[in-house]
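As structure tokens, the structure follows; a few thoughts come after it.
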2 protein chains.
Amino acid sequence: MPARAAKAEAKSEAKSAVSGKRKPKTEAQDIDASAHVGLDGLALHVGYAVRRFQLWIFQDFIKTLATVDITPTQYSVLTVISANPGLTQMAVAKRLGIERARLVHLLNALEQRTLVKRAASKVDRRSHALHLTASGEASLRQFKLLAAEHERHVIEKIGKDNRERLLEILAPFR
Amino acid sequence: MPARAAKAEAKSEAKSAVSGKRKPKTEAQDIDASAHVGLDGLALHVGYAVRRFQLWIFQDFIKTLATVDITPTQYSVLTVISANPGLTQMAVAKRLGIERARLVHLLNALEQRTLVKRAASKVDRRSHALHLTASGEASLRQFKLLAAEHERHVIEKIGKDNRERLLEILAPFR
DNA sequence: TATTGTTATACTCTATAACTATA
DNA sequence: TATAGTTATAGAGTATAACAATA
């Protein structure tokens, strides 16, 4: 019994004892998980569709890269460092929209796996110059193969043309 | 100083004392937050663009509905209950992809604000039939006006046609 | 036995603030 | 004074598991 509905009145309504397994089809139905549930205005909000799509796409990415234990965020950090060796932590954080405090923990994990190294900057002793290690570069090449496989899943799901349209429409947000 | 780089060697490199405010333009630069930082393969991943777009859109929604203190998730719950009165918690959770354990807390908050009420189901005494209160319906009408304003922000940002294309492409995920 | 709502725990992520060593 | 990296804390959100009432 729902604990918070403790004061719910105990009315008598032992009606039709027979029923066809699910959806007794008598009268006072409530709308359960097996019913068609309308979205109303929600269907006209881009944000709702985008959220659902993003959940699907991240789940597929995580599943596809599960063997190498790399999340979308970790992948983005490794890719950006590899493409821009010597990047500072602030630059990575700003570019990817990650809090600098959060990036510290992300880099700690990646450094422990010897994928990334923090080197002393030659121009500003407050900051670190980030590089992938040799094994980090090798690993990233493997991650990219798996990420490409994930991207093929996206094509299977929404179609090649729609994927390209999405990339165009959302380009300003990268 | 970065605490973890404590063993960084203290080399001498007090070279050009003069510099033009930022980017001393001497030699061994690292790539700071003011530089152009390439995304490499990341730019070809739909998931990355979608994540950035979703962050923007949720931030705008929250900002636009800040005066009524309603989040995108709360809005989706209210909308679905209003469009399907008598919905059970399981049905809402499944339809919106929310964990049923999380929905309990969401509904507690909405019930405390007297926007939603949990009624005793007439057909299954384990479950609740969810309804908006009268003031909940009135409030939702106001929230919808603000949500429409948010949607206009989306149009301003990506254009009317692109928004419609997005809704079409992402329709299967709703 | 299975399901609904609930509670609790752990883990991730976000948002802040404060501290240090530098600039 | 301001900034880069770090640490710590609090609040969402997610993922689980377990429990009571009910089916």
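First the proteins, then the strands, lettered A, B, ... as listed; each starts at 1.
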Original post:
If we only count heavy atoms from C-beta on, is the A/Asp60 to A/Val154 side-chain gap below 4.5 Å?
Top reply: no
**OP:** Evaluate the criterion side-chain hydrogen bond (donor to acceptor under 3.5 Å, both in side chains) for residue pair A/Asp30 and B/Ser121; output intermediate values, then yes/no.
**Re:** CA-CA 7 Å; A/Asp30 36 42; B/Ser121 166; 2.3 Å; yes
Please report, rounded to the nearest Å, how far the [atom2] atom of [N] is from the [atom1] atom of [X].
X: B/His105; N: D/dT14; atom1: NE2; atom2: P; answer: 12 Å
X: B/Phe58; N: D/dA12; atom1: CZ; atom2: P; answer: 16 Å
X: A/Glu111; N: D/dT6; atom1: CD; atom2: C1'; answer: 13 Å
X: B/Arg125; N: D/dA20; atom1: CZ; atom2: C1'; answer: 13 Å
X: B/Asp32; N: D/dA2; atom1: CG; atom2: C1'; answer: 15 Å
X: A/His128; N: C/dA21; atom1: NE2; atom2: C1'; answer: 11 Å
X: B/Asn108; N: C/dG5; atom1: CG; atom2: P; answer: 13 Å
X: B/Ile31; N: D/dA4; atom1: CD1; atom2: C1'; answer: 17 Å

**OP:** Assert yes or no for the condition that the ring centre distance of B/His45 to A/Tyr75 is strictly below 6.0 Å.
**Re:** yes
Original post:
In the single-linkage hydrophobic clustering (I, L, V, M, F, W, Y; side-chain heavy atoms under 4.5 Å), do B/Leu167 and B/Ile169 co-cluster?
Top reply: yes
Original post:
With respect to A/Gln89, which candidate in A/Arg100, A/His128, A/Lys94 satisfies the side-chain hydrogen bond (donor to acceptor under 3.5 Å, both in side chains) definition?
Top reply: A/His128
Original post:
Given C/dT7, C/dA18, D/dT7, which nucleotide is nearest the side-chain atoms of A/Arg100?
Top reply: C/dA18
**OP:** On the 0 to 90° scale, with breaks at 30° and 60°, tag the B/His153-B/His150 ring pair as parallel, tilted or perpendicular.
**Re:** perpendicular
Original post:
Hey, does the side-chain of B/Arg126 have a donor or acceptor N/O within less than 3.5 Å of a partner on the base of C/dT3?
Top reply: yes
Original post:
Among residues 86-95 of chain A, which contact DNA chain D at a heavy-atom distance under 4.0 Å?
Top reply: A/Thr88, A/Gln89, A/Met90
Original post:
Do A/Thr79 and B/Asp40 have side-chain N/O donor and acceptor atoms under 3.5 Å apart?
Top reply: no
Original post:
5'-most contact on DNA chain D: A/Ala101 or B/Ala33, nearest heavy atom basis?
Top reply: B/Ala33
Close N/O contacts between protein and nucleotides 12-14 of chain C (under 3.5 Å):
from	atom 1	to	atom 2	distance (Å)
C/dC13	OP2	A/Arg102	NH2	2.1
C/dC13	O5'	A/Arg102	NH2	3.3

Subject >> Salt-bridge criterion met for A/Arg141 and A/Glu137 (N-O under 4.0 Å) >> reply: no
Original post:
Should the pair B/Glu111-B/Lys117 be classified as a salt bridge under the 4.0 Å nitrogen-to-oxygen rule?
Top reply: no
